[in-house]
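Worksheet for the structure shown next.
Excluded from the calculations below are hydrogen atoms, water molecules and symmetry mates; all remaining heavy atoms, backbone and side chain alike, are included.
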Amino acid sequence: MFVLVDRLPTYRRMWTIGACSLAVLGAACALLFVRPTTAALVVVLSFTIATGAQLSIRLAHEDGPGVPAHEIISLSLGAAVAVLGVVGYAMTAGLSTIALLAVVAITSPWVLAYLTGTPVSLTGTPRSAPRSAEQTDEIPDATIRAKIFDPTPPDVGELSDEELCRAWRKSFTALGEAVSAPQREAVVNARLAYLDELERRNPESFARWIESGPRAAGDPGRFMLPHQQPPPG
């Protein structure tokens, strides 16, 4: 098992090929034993739910518009085929499907890495263990800033209004990911600079945004960007 962990990327590719093959086989069975309209409904619902879940997670942790559309679509299609495959196995194998799903889950690279105590990313590749707070505090400021995001752009005045609003949203995520006092201080200073620049550019819209009681992760673009501004109350 430890040998497999040392070769986790290769094992992950092999497991993915096997799991995809099982999913396609199950989906083929579903097409034979399930009405076409039912199969289509399962695919559409699974695709929609998977897409919505991905967008929600990505928007909460990163800049949503920067996510490649083909990546979201491919993962959603994979999820739809997998769900249809489960339906196919359930129609042909009955309760044995539960045992099959258990085997697939237990042999997955993520479970294998967890059982052996190997830190692993969502892509299934090993990663180094997180640094302690003491170790992180010793990292130079430049390295800290590059690891999270660039908290001190050359000049916030050079950013467009849309870029400034996006930087404000991303800085909230960066603040939650900060693991040391220098990191948090750098992000807080950047957020203050963004606020000052937003107020300088459009005091009236900035005041309306503040009066609306925005969340710390709120989007000022609703008030600062002309094409997103709500009608005056």
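Distance check: Y194 OH to E163 CD gives 10.5 Å after rounding to the nearest 0.5 Å. To the nearest 0.5 Å, atoms CD (E185) and OG (S180) are separated by 10.0 Å. Going from atom OG of S160 over to atom CG of L225 covers 8.5 Å, rounded to the nearest 0.5 Å. Distance check: I210 CD1 to L195 CG gives 6.5 Å after rounding to the nearest 0.5 Å. Rounded to the nearest 0.5 angstrom, E197 CD and L159 CG are separated by 8.0 Å. The distance from the OG1 atom of T97 to the CE atom of M91 is 10.5 Å, given to the nearest 0.5 Å.
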Q: Decide yes or no on side-chain contact (heavy atoms from CB on, under 4.5 Å) for L198 and C165, but give the supporting numbers first.
A: CA-CA 8 Å; L198 286 169; C165 292; 4.3 Å; yes
Q: Please assess V42 against S46 for the test side-chain contact (heavy atoms from CB on, under 4.5 Å), listing each intermediate value before the final yes or no.
A: CA-CA 6 Å; V42 170; S46 302; 4.0 Å; yes
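We find that E204 and R208 are not joined by a salt bridge, their nearest charged nitrogen and carboxylate oxygen being 4.0 Å or further apart.
S21 places a side-chain heavy atom less than 4.5 Å from the side chain of I17. Taking 4.5 Å as the limit, every side-chain heavy atom of D161 sits out of range of all side-chain heavy atoms of M224. Between P36 and L31, the closest side-chain pair of non-hydrogen atoms is not below 4.5 Å. Contact check for L25 versus Y89: side-chain heavy atoms found under the 4.5 Å cut-off. With a 4.5 Å cut-off on side-chain heavy atoms, V81 and L84 do not count as touching. Using a 4.5 Å heavy-atom threshold, the side chains of P220 and L164 count as separate. The closest side-chain heavy-atom distance from E177 to T173 is below 4.5 Å.
Relative to the six-membered ring of W168, R191 meets both conditions, a distance below 6.0 Å and an angle of at most 45° to the axis.
Note on V43 and L45: separate hydrophobic clusters, where clusters join Ile, Leu, Val, Met, Phe, Trp and Tyr whose side-chain heavy atoms are under 4.5 Å apart, directly or indirectly. The cluster map of Ile, Leu, Val, Met, Phe, Trp and Tyr, joined by side-chain heavy atoms under 4.5 Å apart, puts V83 and L41 in different clusters. Note on I49 and F47: separate hydrophobic clusters, where clusters join Ile, Leu, Val, Met, Phe, Trp and Tyr whose side-chain heavy atoms are under 4.5 Å apart, directly or indirectly. Using a 4.5 Å cut-off between side-chain heavy atoms of Ile, Leu, Val, Met, Phe, Trp and Tyr, with links allowed through other members, V156 and F223 fall into the same hydrophobic cluster.
Here the side chain of S108 pairs a donor or acceptor atom with the backbone of A105 at under 3.5 angstrom.
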